[in-house]
Structure formats: structure tokens, C-alpha cells
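A short worksheet on the structure shown next.
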Amino acid sequence: MRPVQPQKEGPRSNNEINVPEVQLINAEGTNIGVVRTSEAIAMAMDAGMDLVEIAPNSVPPVCKILDLGKYKYAAQKKAAEARKKQKVIEVKEVKLRPNIDDHDYDVKMRSVQKFIGEGDKVKVTMRFRGREMAHQEIGLELLNKVRDQMDEIAKVESSPRSEGRQMVMVLAPR
């Protein structure tokens with residue numbers, strides 16, 4: 001039984017390239033043409049650089065003479081930059097009650113606008129306690145008011161639905 005070779009990260013380079021011929025691009029970016037792999041490795045060594053497989057799936061594979069350490073570093077930087085630009089969408093929650101005061105309602109709506117402006121989803125939860133359960137239509141009217149007020153900046157991802165003693169609606173940025 002043969003030992004399993006661990007999978008190497010990144011492109012194959014130098015003696016790992018096991019094809020008879022490669023399409024060679026030199027360090028300046030000039031296409032030299034199809035060359036035997038051993039010759040290409042020797043040319044790379046003479047230049048003090050590595051032979052790196054750029055396009056392994058083409059026939060013959062495209063290899064370039066470059067500094068492998070710098071190449072890996074640049075690829076790592078590019079990946080880190082891409083991760084930095086990604087926005088993780090969070091779901092923020094705003095809790096309301098059916099008999100909320102006008103000023104309290106306005107404060108909650110400002111925070112909903114801020115969350116949506118930042119690109120986050122907002123879960124609006126209407127909580128019912130005691131006798132308020134008998135008047136769920138008041139809570140539904142309030143959630144519809146929220147929906148209508150946020151219509152320009154947010155779309156309703158899930159319309160108001162009852163979950164036990166609370167009613168939930170999710171808004172997402174447009």
C-alpha cells in the first residue's frame with residue numbers, strides 16, 4: 001500500500017509539474033512558446049525564480065517564470081481584500097407592543113431605518129401580553145403601518161404572522 005500524498009495548496013511549481021511540454025511565459029510576460037518542462041525549469045533556475053503552473057487545464061499547460069513566494073503573497077492579499085469587502089447581513093430585531101406611544105414608535109422607526117440603511121435585515125416583533133391577545137388586529141395594524149412607512153427603503157421579506165404570543169414580520173433592504 002502506497003502512502004497518501006497530502007494535497008498541496010496553490011499551483012504546482014518546478015519539479016511538481018509532471019508533463020513533458022509546457023507553454024512558457026517568461027518573467028517579463030513574453031510568450032516563449034511550447035518548451036520541454038526540463039528546459040523551462042532550467043531557465044527558471046537560471047533567472048533565480050520558479051516555474052509556476054498558471055493554467056493547468058490547457059493543453060499544453062501554461063507555465064510562467066516568477067517568484068513563487070511573491071505570487072502566493074499577492075494571491076493571499078487579494079483573497080483578504082475580497083473577504084474585507086464582503087458584507088455579512090445580520091438580522092436586527094425591533095420589539096414593539098400594541099399600545100406603543102407615538103414618540104416611542106418614532107424612536108423605533110429611526111432605528112429600523114438605520115439598520116436597513118446599513119444593509120441589515122430587520123425583524124419587527126409585536127409582543128402581546130395578557131388581554132392584548134384578544135385584540136391582535138391592533139398589532140397587525142401597527143405592523144402594516146411599519147410596512148407602509150418603510151416601503152421606500154425596505155421590502156417585506158416575510159409578511160406578519162402569529163407565533164404564539166407574538167406577531168413577526170421581516171424587512172430587508174431594497
Side-chain angles (χ1 to χ4, degrees), residues 1-95 107-125 143 146-161 163 166 168-174:
M1 194 163 103
R2 212 167 48 168
V4 178
Q5 291 288 333
Q7 271 295 333
K8 183 181 162 277
E9 283 290 313
R12 293 188 298 184
S13 63
N14 297 334
N15 294 326
E16 296 167 355
I17 301 169
N18 52 6
V19 291
E21 293 182 329
V22 294
Q23 178 77 29
L24 184 64
I25 298 170
N26 69 7
E28 289 78 44
T30 313
N31 189 347
I32 293 177
V34 178
V35 180
R36 285 202 334 263
T37 306
S38 57
E39 284 179 36
I41 291 172
M43 291 169 74
M45 294 296 174
D46 289 342
M49 295 185 178
D50 302 294
L51 183 68
V52 180
E53 200 171 41
I54 303 297
N57 297 332
S58 61
V59 179
V62 177
C63 293
K64 187 173 183 180
I65 296 174
L66 49 81
D67 187 339
L68 185 61
K70 285 183 181 176
Y71 179 75
K72 283 184 174 179
Y73 179 75
Q76 194 177 20
K77 281 294 221 188
K78 195 173 175 183
E81 193 66 33
R83 275 195 306 274
K84 194 189 303 182
K85 287 184 179 162
Q86 285 181 340
K87 170 76 172 108
V88 177
I89 296 176
E90 294 181 42
V91 179
K92 305 281 188 168
E93 186 173 17
V94 174
K95 295 180 180 177
V107 170
K108 299 278 189 182
M109 289 308 100
R110 278 199 299 274
S111 60
V112 168
Q113 284 177 329
K114 184 182 89 178
F115 294 149
I116 288 176
E118 292 171 355
D120 295 323
K121 292 181 182 180
V122 179
K123 177 180 177 183
V124 183
T125 305
L143 286 176
V146 170
R147 182 193 62 210
D148 295 340
Q149 189 173 341
M150 295 296 145
D151 192 42
E152 294 165 16
I153 61 169
K155 61 180 182 277
V156 177
E157 195 167 88
S158 72
S159 52
R161 64 182 188 280
E163 295 177 358
Q166 59 187 16
V168 177
M169 173 175 72
V170 179
L171 300 172
R174 282 203 181 271

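- Residue Leu66 comes nearest to Met49 through the heavy atom pair O-CB, 3.5 Å, listed as atom of the first residue, atom of the second, then distance.
- Counting heavy-atom neighbours within 6.0 Å of Ile89 CD1, excluding the residue itself, gives a total of 12 or less.
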Applying side-chain contact (heavy atoms from CB on, under 4.5 Å) to Glu152 and Arg174, what does each step give before you reach the verdict? CA-CA 8 Å; Glu152 294 165 16; Arg174 282 203 181 271; over 6 Å; no
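- The existence of a salt bridge linking Asp67 and Lys72 is excluded, since no basic side-chain nitrogen approaches an acidic carboxylate oxygen closer than 4.0 Å.
- Using a 4.5 Å heavy-atom threshold, the side chains of Val124 and Met150 count as separate.
- In this structure, the separation between OG1 on Thr30 and NZ on Lys64 is 9.5 Å, given to the nearest 0.5 Å.
- With a 4.5 Å cut-off on side-chain heavy atoms, Glu53 and Val22 do not count as touching.
- Under a cut-off of 6.0 angstrom, the local environment of NZ in Lys155 is crowded, with over 12 non-hydrogen atoms contributed by other residues, nucleotides or ligands.
- Rounding to the nearest 0.5 angstrom, the gap separating the CD atom in Gln166 from the NZ atom in Lys95 is 7.5 Å.
- Nearest approach of Glu16 to Pro11, heavy atoms of both residues: OE1-O, 4.3 Å.
- For Glu118, the CD atom is densely surrounded, since the number of other residues' heavy atoms within 6.0 Å is greater than 12.
- Looking at every heavy atom in both residues, Met169 comes nearest to Leu143 through CE-O, 3.4 Å.
- For the atom pair CG of Asn14 and OG1 of Thr37, the computed distance is 11.5 Å after rounding to the nearest 0.5 Å.
- To the nearest 0.5 angstrom, Leu51 atom CG is 11.5 Å from Asn26 atom CG.
- Within the 4.5 Å cutoff, side-chain heavy atoms of Val112 are placed close to those of Met109.
- Within 6.0 Å of the CG atom in Asp46, the count of heavy atoms belonging to other residues, nucleotides or ligands exceeds 12.
- Note that CD1 of Ile41 is 6.0 Å distant from CD1 of Ile17, once rounded to the nearest 0.5 Å.
- Shown here for Lys121 and Ala172, the closest heavy-atom pair between the two residues is CG-CB, 4.1 Å.
- Using modelled atom types, no side-chain atom of Asp50 and backbone atom of Ser13 make a donor-acceptor pair closer than 3.5 Å.
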Going through the checks in order, is the side-chain contact (heavy atoms from CB on, under 4.5 Å) test met by Val94 and Phe115? CA-CA 10 Å; Val94 174; Phe115 294 149; 4.1 Å; yes
Just do the side-chain contact (heavy atoms from CB on, under 4.5 Å) check on Met43 and Ile32 with the steps written out, would you? CA-CA 11 Å; Met43 291 169 74; Ile32 293 177; 3.9 Å; yes
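- Here CD of Gln86 is found 11.5 Å from CD of Glu81. Values are rounded to the nearest 0.5 Å.
- Using a cut-off of 4.0 Å between Lys/Arg side-chain N and Asp/Glu carboxylate O, Glu163 and Arg161 are scored as salt-bridged.
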